[in-house]
Visitor: 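Below is one structure. I have some questions about it.
Naming convention: chains lettered A, B, ... in sequence-line order (proteins, then strands); numbering from 1 in each chain. The model shown is predicted, which means the values in this text are computed figures rather than measured ones.
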There are 2 protein chains.
Amino acid sequence: MTDVRAGSSGASGATADGPATERADARPMRADALRNHEKILRAAEEVFATDGVMVPIDVVAERAGVGVGTLYRHFPTKESLYEAIVTTRLTRLVATADAYAVDPEPGLALEHFMREFAQLAAEKQDLFEAFGQMGIDFKAHFAEPLAQLMARVDVLVKRAIETGTVRGDVETEDIIRLVVGTCHAAGHSDADAAGLQRLVSIVIAGLRPTERW
Amino acid sequence: MTDVRAGSSGASGATADGPATERADARPMRADALRNHEKILRAAEEVFATDGVMVPIDVVAERAGVGVGTLYRHFPTKESLYEAIVTTRLTRLVATADAYAVDPEPGLALEHFMREFAQLAAEKQDLFEAFGQMGIDFKAHFAEPLAQLMARVDVLVKRAIETGTVRGDVETEDIIRLVVGTCHAAGHSDADAAGLQRLVSIVIAGLRPTERW
DNA sequence: AATGATACGGAACAGTCGTTCCGTATACGT
DNA sequence: ACGTATACGGAACGACTGTTCCGTATCATT
């Protein structure tokens, strides 16, 4: 993450997407290099999403229409490529959470966020697996976007609790764990979005304040 | 599973545990062979539980105090060893479900079963991973014990529904998925049993019949 | 105790996958 | 158009792991 070459995938002000088109300290990337960089990112996003992180790196290279050597020029390690993809996904998720944070209906906001989160994690094997291995080194690698995500979800949860739509004793981390776990629950590949949402509904129902019980 | 050697791990009337001490068609296993067979099973159970299915087979052999050659004499394939372990686990789980099927309190019975199930899946990486990869070939390999498990859980669910402790529209498979997913949720290694049970509580609450919502 | 069948141990094999290296091709500045 | 820095492609390397093979050790039988 730190020793990337000039114009590589590092955090170079890419707020939305796409790598930096130029660098301050070095010369701008060559045109074909830039093109390949993006092709690789796109291919990785697709392949990781469908096949998970275990796919051989060659598959990503082939999908990108690029030799492995080129891939390694842009991402010095398979892990670094994986990091780039997952960080992007997490960043988008943070944006989604941000959008719901200003929703006038806090209870529904949390619910909708959970549903989108679940859908996303179910579709993207990589994201799912990343959350699945929390603790190995996931928290270290994605510490920053993770912290951001936690903070946003925390807002959603607190607001929902204040509104009385959610029990007061649930932790933010519980929410994330439950959602990810629920995706795991539904067979990832079945593309059974309806079944997944049914499970999410059950979890959401379980979050409601206890009445009578 | 079918071409096992004489006295190997096949389904030879081992209702509880331990391999058959003799075979009808062939000569009984040699004493040391039998001893090693059990040592391997025990070691595999431990290692798979703690490290998951990805551990090199050598680790299991070493743990068992046995050479790899010996291990392969007893289990012709890593997969076959894995099958033996998981099948055993599933069979025990079926027994647990059976016990709860006659519980005088159907609602509590389901809840207690779910809690035990969750605890087990959280402790045993192999079981967890097996359920996690449902669909690859898991259903094929463990078709029989899985069907049994489903049948027993079905009884628990139906009884709970009749008692009014659980919503009528939940599928048995939903229950299993939710429980396994919940284990996934809790970091497997954290040994945080309390946290896990808290999540299970939420899921269980979500299964209750909707009142007012 | 002797002998043949059975089982053991672990070195060696084969396939896979991440990574490196370097000769060749391409883009950019003059 | 030419020359050089930059980037490309893919064969080759090394580490890892499931599996096989066979010389040796152990058990059971007489």
Side-chain angles (χ1 to χ4, degrees), chain A residues 3-9 19-23 25-41 43-44 47-48 51-85 126 137, chain B residues 3-9 19-23 25-41 43-44 47-48 51-85 126 137:
Chain A
D3 79 318
V4 285
R5 266 73 157 182
S8 196
S9 69
T21 55
E22 48 187 324
R23 298 280 298 181
D25 53 325
R27 217 171 298 179
M29 280 178 82
R30 240 171 61 175
D32 54 349
L34 197 88
R35 217 175 319 148
N36 281 332
H37 192 94
E38 289 180 358
K39 282 202 293 184
I40 291 169
L41 277 178
V47 172
F48 283 158
D51 298 353
V53 191
M54 291 283 288
V55 284
I57 208 77
D58 312 27
V59 174
V60 178
E62 196 184 1
R63 177 74 160 248
V66 154
V68 268
T70 301
L71 195 153
Y72 272 93
R73 168 169 293 272
H74 288 273
F75 299 91
T77 250
K78 184 187 182 182
E79 203 178 298
S80 71
L81 177 56
Y82 174 62
E83 259 183 51
I85 298 299
D126 45 312
D137 52 2
Chain B
D3 79 317
V4 285
R5 265 73 158 182
S8 196
S9 69
T21 54
E22 49 187 322
R23 297 283 296 182
D25 52 324
R27 217 173 296 180
M29 279 178 84
R30 240 170 62 174
D32 54 349
L34 197 90
R35 216 175 318 144
N36 282 331
H37 191 95
E38 289 181 359
K39 282 201 294 184
I40 291 169
L41 277 177
V47 172
F48 283 159
D51 298 352
V53 191
M54 290 284 288
V55 283
I57 207 77
D58 312 29
V59 175
V60 178
E62 196 184 2
R63 177 77 160 247
V66 153
V68 269
T70 302
L71 195 153
Y72 273 93
R73 168 169 293 274
H74 287 273
F75 299 91
T77 248
K78 184 187 182 183
E79 200 178 301
S80 71
L81 177 57
Y82 174 62
E83 258 182 51
I85 299 299
D126 45 311
D137 51 3

Visitor: For Y72(A) and dA11(D), give me the distance from atom OH to atom C1', rounded to whole Å.
Guide: 15 Å
Visitor: What residues form a salt bridge (Lys or Arg N to Asp or Glu O under 4.0 Å) with R30(B), not counting sequence neighbours?
Guide: D32(B)
Visitor: Partners of D58(A) by salt bridge (Lys or Arg N to Asp or Glu O under 4.0 Å), sequence neighbours excluded?
Guide: none
Visitor: Respond yes when some side-chain nitrogen or oxygen of T70(B) is under 4.0 Å from OP1 or OP2 of dG9(C), and no when none is.
Guide: yes
Visitor: For H37(B) and dA7(C), give me the distance from atom NE2 to atom P, rounded to whole Å.
Guide: 12 Å
Visitor: In whole Å, I'd like the distance from the OH atom of Y82(B) to the P atom of dG18(D).
Guide: 14 Å
Visitor: In this structure, how many angstroms lie between the C1' atom of dT26(C) and the CZ atom of R35(A), rounded?
Guide: 10 Å
Visitor: How close or far is atom C1' of dC16(D) from atom NZ of K78(B), stated in whole angstroms?
Guide: 12 Å
Visitor: Establish, with yes or no, whether the OP1 or OP2 oxygen of dA7(C) is under 4.0 angstrom from a side-chain nitrogen or oxygen of H74(B).
Guide: no
Visitor: Write down the atom of V60(A), the atom of F48(A), and the distance for their closest heavy-atom approach.
Guide: CG2-CE2, 4.3 Å
Visitor: With the side chain counted from C-beta on, respond yes when F75(A) and H37(A) share a heavy-atom pair under 4.5 Å apart, and no when they do not.
Guide: yes
Visitor: Whole angstroms only, please: what is the CZ-P distance between F75(A) and dT19(C)?
Guide: 13 Å
Visitor: Nearest to the V66(B) side chain among dA7(C), dG9(C), dG9(D), which nucleotide is it?
Guide: dG9(C)
Visitor: Can you tell me which stems DNA chain D forms when a stem means 3 or more consecutive Watson-Crick or G-U pairs under 3.5 Å?
Guide: C:1-30 with D:1-30
Visitor: In whole Å, I'd like the distance from the CG atom of N36(A) to the P atom of dT26(C).
Guide: 12 Å
Visitor: Taking atom C1' of dT26(D) as reference, at what distance in whole Å does atom CZ of R73(B) sit?
Guide: 12 Å
Visitor: Tabulated below should be each protein N or O lying under 3.5 Å from an N or O of nucleotides 28-30 of chain C; please produce it.
Guide:
unit_1  : atom_1 : unit_2 : atom_2 : d
dC28(C) : OP1    : A31(A) : N      : 3.0

Visitor: Please name all residues satisfying side-chain contact (heavy atoms from CB on, under 4.5 Å) with V66(B), sequence neighbours left out, ordered by chain then number.
Guide: N36(B), K39(B), I40(B), A64(B), T70(B)
Visitor: Which heavy-atom pair separates T77(B) from S80(B) by the least distance, and what is that distance?
Guide: O-OG, 2.7 Å
Visitor: For DNA chain C, which residues of residues 55-62 of chain A approach it to below 4.0 angstrom with any heavy atom?
Guide: V55(A), P56(A), I57(A)
Visitor: Indicate yes or no: at least one non-hydrogen side-chain atom of I57(B) is less than 4.5 angstrom from one of L81(B).
Guide: yes
Visitor: Between H74(B) and M29(B), is there a side-chain heavy-atom distance shorter than 4.5 Å?
Guide: yes
Visitor: Does T77(A) have a side-chain nitrogen or oxygen under 4.0 Å from the phosphate oxygens OP1 or OP2 of dT19(C)?
Guide: yes
